[in-house]
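Residue numbers start at 1 and run along the sequence shown.
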Amino acid sequence: MAYITRELERKFLKLNDFFKVILVTGARQVGKTTMLKHLAESSRTYVTMDNTMARELAQSDPVLFFQTYKPPVLIDEVQKAPELFEQIKIICDESDEKGLIWLTGSQQYNMMKKVQETLAGRIGILELYSLSAREKAGFVFDTDLDFSFATLQARQQKVPKNDVIQVFQHIWEGGMPQVQGVDDELRQEYFNSYIDTYLMRDATEAGGITDAVRFRKFLVGCASLVSVNYSTLAESADIAPSTAKEWLNVLVGLRIVYLLAPYSNNELKRLSKTPKLYFCDTGLCAYLSMWLTPDTLRSGA
């Protein structure tokens, strides 16, 4: 599969010239490692914390770890070895070089708390989502969006008009790089494996969720709802409302879903109103909702 240029690349390279450490967060399989490997120069070392030996070294002896994997380095899935952050701080304080260490990881609460406590002022944090419609079509803008009318008009000239059939095709297919252009059977198998392997494993590690059957029901319940009603979510998975709230927080931390607060001029009212629940990847949501084709999605609720 040919590499797809990501819109985040421009901002990443800009921050790389400013910060000593860059962390790219996002859900599993959205292309974090692929993008950074594409941008990395040949001299940059790559190591993943999915490698048991490398992870055990990082956890037991961070000093020796960085003697083995010398900066500039790309460390994948860093949330599995938070012991590295103290040593990263020391490396940053001893050097003025920018872009020394690139990190990827799921934006879990515990990891982000450790990052904020240890690397404040030294790290730039970016979030990568699955492929957008523009990225899939090959339209990537190299300038920042300022939302001025002139900028919007200039961008409008470069992209084709929306076609409702293509819009629903994009919603149904989603933006996970590995499912682009595959047939329906492979797409179904991909999302089924994604839930059973990556999602269940990360949910177990991040939130201690061990009941796979109820958790899958909970995912389907999330895909069926727009507003966050913990009682309804709890009923759909046969769990307590407090458990539903905890599980939803785990999904937010893993960047599977996000909660959008309704707009209000009053900030306190905005915080108190019921947020809307959205999946970060529409293809996963369509799979969980059992929309088997773009046509059934377009004609359904």
Side-chain angles (χ1 to χ4, degrees), residues 5-129 142-144 202 205-207 249-250 252-255 258 280:
T5 303
R6 309 303 299 266
E7 292 196 43
L8 194 66
E9 290 179 19
R10 181 197 63 80
K11 192 169 185 178
F12 177 87
L13 292 173
K14 186 174 182 180
L15 264 61
N16 188 56
D17 292 332
F18 185 77
F19 289 102
K20 297 176 182 178
V21 184
I22 305 289
L23 168 64
V24 178
T25 69
R28 289 272 196 167
Q29 297 286 291
V30 295
K32 303 184 295 293
T33 305
T34 302
M35 183 187 79
L36 294 190
K37 281 185 171 181
H38 176 76
L39 296 175
E41 62 277 12
S42 58
S43 60
R44 186 172 294 270
T45 308
Y46 170 78
V47 58
T48 175
M49 293 298 98
D50 284 332
N51 182 306
T52 304
M53 293 182 64
R55 183 173 68 250
E56 289 177 353
L57 178 61
Q59 292 169 341
S60 61
D61 195 338
V63 175
L64 181 58
F65 176 87
F66 280 109
Q67 290 176 354
T68 306
Y69 305 101
K70 294 181 174 63
V73 62
L74 164 56
I75 304 174
D76 207 3
E77 302 297 341
V78 72
Q79 78 276 1
K80 296 184 176 182
E83 295 83 0
L84 289 176
F85 292 132
E86 291 287 349
Q87 188 60 29
I88 290 174
K89 177 183 177 182
I90 293 172
I91 292 172
C92 290
D93 291 345
E94 291 177 348
S95 173
D96 293 328
E97 189 177 344
K98 307 298 183 185
L100 270 178
I101 300 172
W102 294 358
L103 309 172
T104 78
S106 302
Q107 197 171 17
Q108 297 172 6
Y109 173 76
N110 291 335
M111 182 190 74
M112 296 309 297
K113 183 179 179 182
K114 188 77 173 177
V115 166
Q116 290 161 359
E117 289 174 352
T118 310
L119 297 174
R122 301 168 181 85
I123 187 169
I125 302 173
L126 295 171
E127 186 157 355
L128 185 67
Y129 292 96
D142 56 4
T143 57
D144 197 11
D202 288 347
E205 292 178 356
N249 287 336
V250 170
V252 171
L254 294 175
R255 285 305 181 259
Y258 67 92
C280 294

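When each of Leu126, Leu103, Ile101, Ile75 is checked for a side chain to side chain contact (heavy atoms under 4.5 Å, CB included) with Leu23, only Leu103 meets the rule.
For Tyr258, the side chain to side chain contact (heavy atoms under 4.5 Å, CB included) partners at least two apart in sequence or on another chain are Leu260, Tyr278, Cys280. Asn249 meets the side chain to side chain contact (heavy atoms under 4.5 Å, CB included) test with Lys245; sequence neighbours excluded. With sequence neighbours excluded, no residue forms a side chain to side chain contact (heavy atoms under 4.5 Å, CB included) with Ser60. Residues passing the side chain to side chain donor-acceptor pair (under 3.5 Å) test with Arg28, sequence neighbours excluded: Asp202. Glu77 is linked by a side chain to side chain donor-acceptor pair (under 3.5 Å) to Gln79, counting only residues two or more places apart in sequence or in another chain. Applying the side chain to side chain donor-acceptor pair (under 3.5 Å) test to Asp17 and every residue at least two apart in sequence or in another chain returns nothing. Checked against ring-ring contact (aromatic ring centres under 6.0 Å, His included), Phe65 has the following partners two or more places apart in sequence or in another chain: Tyr69.
For the pair Lys20 (side chain) and Ser95 (backbone), a donor-acceptor distance under 3.5 Å is present. In this structure a side-chain-to-backbone donor-acceptor pair under 3.5 Å is present from Arg44 to Leu100. Although no hydrogens or angles enter the test, the distance criterion places no donor-acceptor pair under 3.5 Å between the side chain of Lys80 and the main chain of Met49.
Thr48 is not listed as a side-chain neighbour of Thr104, based on a closest heavy-atom distance of 4.5 Å or more. At least one side-chain heavy atom of Val63 sits under 4.5 Å from a side-chain heavy atom of Gln87. Within the 4.5 Å cutoff, the side chain of Tyr129 has no heavy atoms near those of the Leu8 side chain.
A salt bridge (charged side-chain N to carboxylate O under 4.0 Å, His left out) check over residues 83-103, counting only residues at least two apart or in different chains, returns the pairs Asp93-Arg122. Judged as a ring pair (Phe, Tyr, Trp, His ring centres under 6.0 Å), the pairs with a partner in residues 14-58 (not counting sequence neighbours) are, in order, Tyr3-His38.
From Leu84, atom CG reaches atom CZ of Arg55 across 12.0 Å, with rounding to the nearest 0.5 Å. Atoms CD1 and CG, from Ile22 and Leu15 in turn, are 4.5 Å apart once rounded to the nearest 0.5 Å. If you take CG on Leu39 and CD on Glu9, they are separated by 4.5 Å, rounding to the nearest 0.5 Å. Rounding to the nearest 0.5 Å places CG of Leu128 at 5.5 Å from CE of Met35.
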Handout entry: Stepwise salt bridge (charged side-chain N to carboxylate O under 4.0 Å, His left out) check, Asp76 with Lys32
Key = CA-CA 9 Å; Asp76 207 3; Lys32 303 184 295 293; over 6 Å; no
